[in-house]
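Worksheet: the structure to be examined is printed underneath.
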2 protein chains.
Amino acid sequence: MEHRHMDGAQKSAPKKRKTSWKKDPAAVKEDILTVATEAFAAHGLSGANINEIAEKTSTSKRMIYYYFGDKEGLYRSVLERVYSSLRETEQALNVADLEPIMALRRLTEATFDSHVKNPQFIRLVMIENIHNAEYARKSDVIPTLNKAIIDKLADVCARGKASGVLRDDADPLELHWMTSSASFYNVSNKATFATSFGGRLFTTEGQKRIRERVVDMVLGAVVVDYRPRSGG
Amino acid sequence: MEHRHMDGAQKSAPKKRKTSWKKDPAAVKEDILTVATEAFAAHGLSGANINEIAEKTSTSKRMIYYYFGDKEGLYRSVLERVYSSLRETEQALNVADLEPIMALRRLTEATFDSHVKNPQFIRLVMIENIHNAEYARKSDVIPTLNKAIIDKLADVCARGKASGVLRDDADPLELHWMTSSASFYNVSNKATFATSFGGRLFTTEGQKRIRERVVDMVLGAVVVDYRPRSGG
DNA sequence: CCTTTTATGTACCTTGCGGTTAATTTGTCA
DNA sequence: TGACAAATTAACCGCAAGGTACATAAAAGG
């Protein structure tokens with residue numbers, strides 16, 4: 001193993017601190033978290049290897065324990081970080097000034113796309129579910145994070161019902177469930193699905209069709225007299 | 001650890017063999033597989049513990065290695081067994097003589113229900129996806145197993161298109177994808193979903209609604225001018 | 001019966017890996 | 001400039017857990 005040069009990044013970026021440490025602690029933490037995220041997403045909690053993680057960081061194993069206590073603590077931090085970063089994506093999307101059906105379409109597409117773009121997040125959520133969400137539940141951030149999307153859907157539902165374009169029994173939570181299930185599964189189960197049925201649905205073309213289908217499904221479930229566009 | 005009495009089961013059930021072994025090898029294998037299925041579903045491949053598994057069987061660790069070679073071999077056997085057993089469930093369902101829309105409804109409901117009833121299978125598939133389906137792909141049974149359901153859907157699609165009740169672009173594979181995504185997610189992500197949004201959708205009432213919603217979604221996507229039943 | 005094969009119990013080995021000890025450098029503040 | 005804290009290094013530890021060696025009992029089979 002060749003020696004890593006840690007000074008390059010140092011001289012060029014001694015920005016935030018009053019004086020410059022040999023290494024910025026915050027940067028070290030971030031470095032560890034980035035590597036650990038990759039590792040946990042790839043191998044799960046028990047499957048990830050602390051020694052391997054340490055080697056891939058620019059610091060040492062000792063520092064992992066210094067900052068995160070133990071493997072579980074590291075995992076929890078990884079989980080919270082990845083959840084938080086996704087919340088930001090969600091909150092960036094603004095549909096308050098769109099007509100309800102269009103807003104729903106946008107939200108659904110955005111959810112679908114963001115899942116495709118964040119397989120690491122998906123994998124970590126899968127892993128968390130294997131553990132019955134015990135670490136997410138312990139967190140005091142995660143359980144409150146995803147409410148933003150529900151609020152948006154609730155707003156859209158309210159407006160849509162008021163104007164009569166959405167069915168009376170449309171429910172924000174159910175809507176989110178529908179969107180999520182399709183979007184999540186599309187990434188999470190790609191491997192086994194392709195193994196059983198071939199990769200046709202996962203080509204660029206296939207994904208385009210699927211995406212449109214998901215929108216149709218969701219809108220079809222809540223829009224009064226929804227007529228999907230035939231052909232794509 | 002107290003000594004297990006292996007004779008009780010013996011005297012009472014020396015059924016199938018020509019002569020009676022002290023223990024029926026097939027039964028021993030089955031016993032191991034049952035325990036191992038539980039363990040792998042609960043903790044994953046790396047998380048499951050061979051010693052623990054051995055203790056919960058009526059035999060010893062030695063026998064696990066004797067019959068399955070190593071941990072990975074045991075895991076592969078578990079995977080194949082659980083996949084196979086689900087195929088049987090699928091094949092039992094007969095909808096060839098049902099009118100297309102009703103047939104679709106039945107297939108969707110059956111898929112939904114069978115997922116709810118087999119959380120262990122779901123967990124193993126989740127775990128397999130974490131491993132990018134490398135073990136399922138290696139298998140020479142699994143990739144050919146799930147075709148049955150596609151055949152059924154293809155038949156229903158063909159009949160539905162012929163009689164004009166299904167849209168021309170209805171696709172069996174996409175249909176299965178839709179049904180599976182909802183049904184799978186409903187079980188696989190229950191823990192994190194409930195952590196984020198509460199358990200409302202997972203009560204008996206909630207599940208009833210969700211199930212009907214899934215049927216609506218699927219039918220809505222392929223039935224010409226589908227009108228869901230309002231209220232539930 | 002005597003040999004070969006299948007099945008099984010006990011005890012052991014090896015090492016990967018999560019975690020720690022202790023000392024050292026780097027900075028802060030009196 | 002020296003005490004104290006924060007950050008970091010390198011070497012080490014213990015043991016859990018995957019896997020094996022070896023002896024042997026039970027069956028098949030000639």
Side-chain angles (χ1 to χ4, degrees), chain A residues 1 3-7 9-11 14 16-33 35-36 39-40 42-78 135, chain B residues 1-7 9-11 14 16-33 35-36 39-40 42-78:
Chain A
M1 53 189 97
H3 249 103
R4 49 232 166 254
H5 6 234
M6 53 187 65
D7 21 6
Q10 246 33 51
K11 275 184 295 191
K16 62 200 314 194
R17 281 281 163 215
K18 27 201 169 185
T19 61
S20 73
W21 268 82
K22 176 176 162 191
K23 272 181 158 181
D24 186 1
V28 171
K29 274 203 225 177
E30 261 301 300
D31 179 31
I32 293 173
L33 284 174
V35 175
F40 284 126
H43 310 294
L45 175 49
S46 51
N49 182 321
I50 294 278
N51 291 310
E52 269 178 35
I53 292 175
E55 272 167 30
K56 287 182 187 161
T57 64
S58 53
T59 179
S60 67
K61 178 163 73 161
R62 182 64 186 80
M63 294 314 293
I64 295 175
Y65 287 95
Y66 182 66
Y67 285 124
F68 302 99
D70 59 4
K71 196 184 190 181
E72 205 177 296
L74 179 60
Y75 173 78
R76 280 215 317 274
S77 298
V78 162
Y135 302 99
Chain B
M1 52 190 102
E2 16 206 331
H3 248 102
R4 47 233 167 253
H5 6 233
M6 49 188 69
D7 23 5
Q10 246 35 52
K11 276 182 294 193
K16 64 202 305 197
R17 280 282 162 215
K18 27 201 168 187
T19 61
S20 75
W21 266 81
K22 176 177 160 192
K23 270 184 162 179
D24 187 359
V28 171
K29 275 205 227 178
E30 262 300 299
D31 178 32
I32 293 173
L33 283 174
V35 175
F40 284 126
H43 310 294
L45 175 49
S46 51
N49 184 321
I50 294 277
N51 291 308
E52 269 178 36
I53 291 174
E55 272 167 30
K56 288 182 187 161
T57 65
S58 53
T59 177
S60 67
K61 178 163 73 162
R62 176 72 186 77
M63 296 314 292
I64 295 176
Y65 287 96
Y66 183 68
Y67 284 124
F68 302 99
D70 58 5
K71 196 185 191 181
E72 205 177 297
L74 178 60
Y75 173 77
R76 279 214 317 272
S77 299
V78 162

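Throughout, protein chains are lettered first and strands after them, A, B, ... in sequence-line order, and every chain is numbered starting at 1. These numbers were taken from a predicted model, which means no experiment stands behind them.
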Per-nucleotide protein contact string for nucleotides 14-20 of chain D, where B marks a base within reach and S marks sugar-phosphate only (heavy atoms under 4.0 Å, - for neither): ---BBBB
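Between A:T59 and D:dT9, a side-chain N or O to OP1/OP2 separation shorter than 4.0 Å is present. Checking the phosphate oxygens (OP1, OP2) of D:dT8, no side-chain nitrogen or oxygen of A:S60 falls inside 4.0 Å.
Taking atom CZ of residue B:F68 and atom P of nucleotide C:dA7, one finds them 12 Å apart after rounding to whole Å. Atom CD in A:E55 sits about 14 Å away from atom P in D:dT9, given to the nearest Å. Remark: C1' of C:dG18 and OH of A:Y75 are 18 Å apart, rounded to the nearest angstrom. Nucleotide D:dA10 holds its C1' atom 14 Å from the CE atom of A:M63, rounded to whole Å. Here D:dA26 presents its C1' atom at 12 Å from OH of B:Y66, a figure rounded to the nearest Å.
Note that NZ of A:K71 and CD1 of A:I53 are 7.5 Å apart. Values are rounded to the nearest 0.5 Å. Taken to the nearest 0.5 Å, the CG atom of A:N49 stands 10.5 Å off from the OG atom of B:S46. With rounding to the nearest 0.5 Å, the separation of CG in A:L74 from CG in A:L45 is 9.5 Å.
Qualifying side-chain contact (heavy atoms from CB on, under 4.5 Å) partners for A:K29, counting only residues two or more places apart in sequence or in other chains: A:Y67, A:F68. Taking B:E72 as the reference, B:D70, B:R76, B:Y135, B:K138 meet the side-chain contact (heavy atoms from CB on, under 4.5 Å) condition, with sequence neighbours excluded. Residues passing the side-chain contact (heavy atoms from CB on, under 4.5 Å) test with A:A27 are A:D24, sequence neighbours excluded. Applying the side-chain contact (heavy atoms from CB on, under 4.5 Å) criterion to B:K61, with sequence neighbours excluded, gives B:I50, B:N51, B:A54, B:Y65.
The shortest heavy-atom contact between A:D31 and A:T59 is OD2-N, 4.4 Å.
In this structure, the helix from C:dC1-D:dG30 to C:dA30-D:dT1 shows an angle of 0° between the axis at its start and the axis at its end, each fitted on 5 base pairs and rounded to 10°.
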